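Because the structure is predicted, anything quoted here is derived from the model rather than measured. One-based numbering, in listed order, for ligands and for the atoms of each.
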Amino acid sequence: MTACGYIAFLGAPNAGKSTLLNRLVGQKLAIVTPKAQTTRSRITGVLIHHDAQLVLLDAPGVFDAGESKQFERAMVDCAWRGVSDADHVLMLMDASVGLNGENRAIIERLQQVQKPVSLVLNKIDAVAKPTLLELTAAANALYGFKETFMISALKGDGVERLLDTLADSVPQGPWLYPEDHLTDLPQRLIASEITREKCFLKLREELPYSLSVETESWEEKPDGSIKINQTIFVEREGQKGIVLGKGGAMLKTIGQLAREDISRMWECPIHLFLFVKIRENWKSNPDSYAYMGLQKPK
Ligand SMILES: Nc1nc2c(ncn2[C@@H]2O[C@H](COP(=O)(O)OP(=O)(O)OP(=O)(O)O)[C@@H](O)[C@H]2O)c(=O)[nH]1
Ligand SMILES: [Mg+2]
């Protein structure tokens, strides 16, 4: 008898949702950086555990996006849409952060959710055991979590037990995808996300938060290599200079790192060409983020 179901990840930015997705599917699908608001749209990962096919829905972090910020509100809406679509919700909490305002606000809104929600305390490698027990008690006093898990998505502790429980929690029924199916994401989006990750990692404090990357063309060559053109969009001239770096050195490094990762994923040589362009106020135009699968906020 097979089972199949959707598991949504919900949590504040930086809780480790994407790290957990990658850990569970056993491959890097979602980009991970130390910056908050790294994930901007739904990232689907499919895996099989025992007889169950689990469709994992990684999402942007939930934070107070404010009324005026359309794009940020679209990101937060995307996270709650995952909750509506799921059979079982995992609320990920960075255990080293604990019950701060952001996490309390998520729990508050969860009170209206009529489906199983489990608490996943992540980053236990960075927290003392007594703190974890206190946090478990305090969080469960605020909300009736189905179960509480303590894991390190980074190191893998506790992940096997989590998988066993998830596999048991989804309804019986046929698998939705073929056995080797990994994700619904278009390859163009995966490739542009990889480049965005390198921008986030290399630009660090100088990073323009509004930076985005799009794959403009994808050409498979007769010799088995792939030629990819991507554009890095920033909002202002000064940001263009930051991405380019001195004599174009920064862009070159970003391109090299992205090419290595893309090449490893597709297991073939990649010719990656990066361009930097200015696109003002793209965040206030829903058409410019529709390609990520994000919808205009209500
Ligand atoms: N020490 C430790 N760090 C972790 C763990 N899991 C994730 N991290 C780190 O936490 C940071 C954020 O991880 P992400 O997986 O990008 O977090 P996220 O919840 O997807 O963040 P957003 O996409 O911004 O919402 C990264 O630097 C990770 O390496 C963990 O178990 N232990
Ligand atoms: Mg993420």
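With salt bridges taken as basic N to acidic carboxylate O contacts below 4.0 Å, none links E134 and K129. Note on R264 versus D261: salt bridge recorded, some NZ/NE/NH1/NH2 to OD/OE distance being below 4.0 Å. Using a 4.0 Å cut-off between charged nitrogen and carboxylate oxygen, K221 and E219 count as a salt-bridge pair. Here D58 does not pair with K17 in a salt bridge; the nearest charged N to carboxylate O distance is not below 4.0 Å. Note on R279 versus E214: salt bridge recorded, some NZ/NE/NH1/NH2 to OD/OE distance being below 4.0 Å. In summary, D85 and R42 engage in a salt bridge, as defined by a charged side-chain N under 4.0 Å from a carboxylate O.
Geometric assessment of R73 against the ring of F71 yields a negative cation-pi assignment under the 6.0 Å and 45° thresholds. In this structure, K283 is not positioned above the aromatic face of Y289 in the sense of NZ or CZ being under 6.0 Å from the six-membered ring centre and within 45° of the axis.
Looking only at heavy atoms of the protein, atom 27 (O) of ligand 1 is closest to P34 CA, 3.5 Å. Ranking the protein heavy atoms by distance from atom 30 (C) of ligand 1 puts L154 CB, 3.3 Å first. Considering only non-hydrogen protein atoms, atom 26 (C) of ligand 1 sits nearest to T33 O, 3.6 Å. The nearest protein atom to atom 14 (P) of ligand 1, hydrogens excluded, is given as T19 OG1, 3.6 Å; this is a heavy-atom distance. Among protein heavy atoms, the minimum distance from atom 12 (C) of ligand 1 is reached at N14 OD1, 2.9 Å. The nearest heavy-atom contact from the protein to atom 6 (N) of ligand 1 is N122 ND2, 3.2 Å.
With distances taken over non-hydrogen atoms, the option nearest atom 17 (O) of ligand 1 out of G16, P60, A95 is G16. Between R40, K123, R23, K17, it is K123 that holds the heavy atom closest to atom 4 (C) of ligand 1. Between atom 28 (C) of ligand 1 and the options L10, V32, L20, V62, the minimum heavy-atom separation is to V32. Taking each of L201, D125, L92, I124 in turn, the one with a heavy atom nearest to atom 2 (C) of ligand 1 proves to be D125.
A 6.0 Å sphere centred on NZ of K146 holds more than 12 heavy atoms belonging to other residues, nucleotides or ligands. Around atom NZ of K202, no more than 12 heavy atoms belonging to other residues, nucleotides or ligands sit under 6.0 Å away. The number of heavy atoms from other shown groups lying within 6.0 Å of NZ (K252) does not exceed 12.
Distance check for T38 against the Mg ion (ligand 2): none of its N/O/S atoms falls below 2.8 Å. Among the backbone and side-chain atoms of S18, an N, O or S atom lies under 2.8 Å from the Mg ion (ligand 2).
Polar contact with ligand 1: present for S18 (N/O pair, distance under 3.5 Å). Residue A153 places at least one N or O, backbone or side chain, under 3.5 Å from an N or O of ligand 1. Distances between N or O atoms of A59 and those of ligand 1 include no value under 3.5 Å. In terms of polar-atom proximity, K155 is not counted as a contact of ligand 1, lacking any N or O under 3.5 Å from an N or O of the ligand.
Below 4.0 Å from some heavy atom of G61 lie the following atoms of ligand 1, by number and element: 25 (O). For ligand 1 and Q37, the ligand atoms under 4.0 Å from any heavy atom of the residue are 24 (O). Near A36, meaning under 4.0 Å from one of its heavy atoms, ligand 1 places the atoms 24 (O).
For the side chain to side chain donor-acceptor pair (under 3.5 Å) criterion with T215, the lone passing option out of R188, E193, Q230 is Q230.
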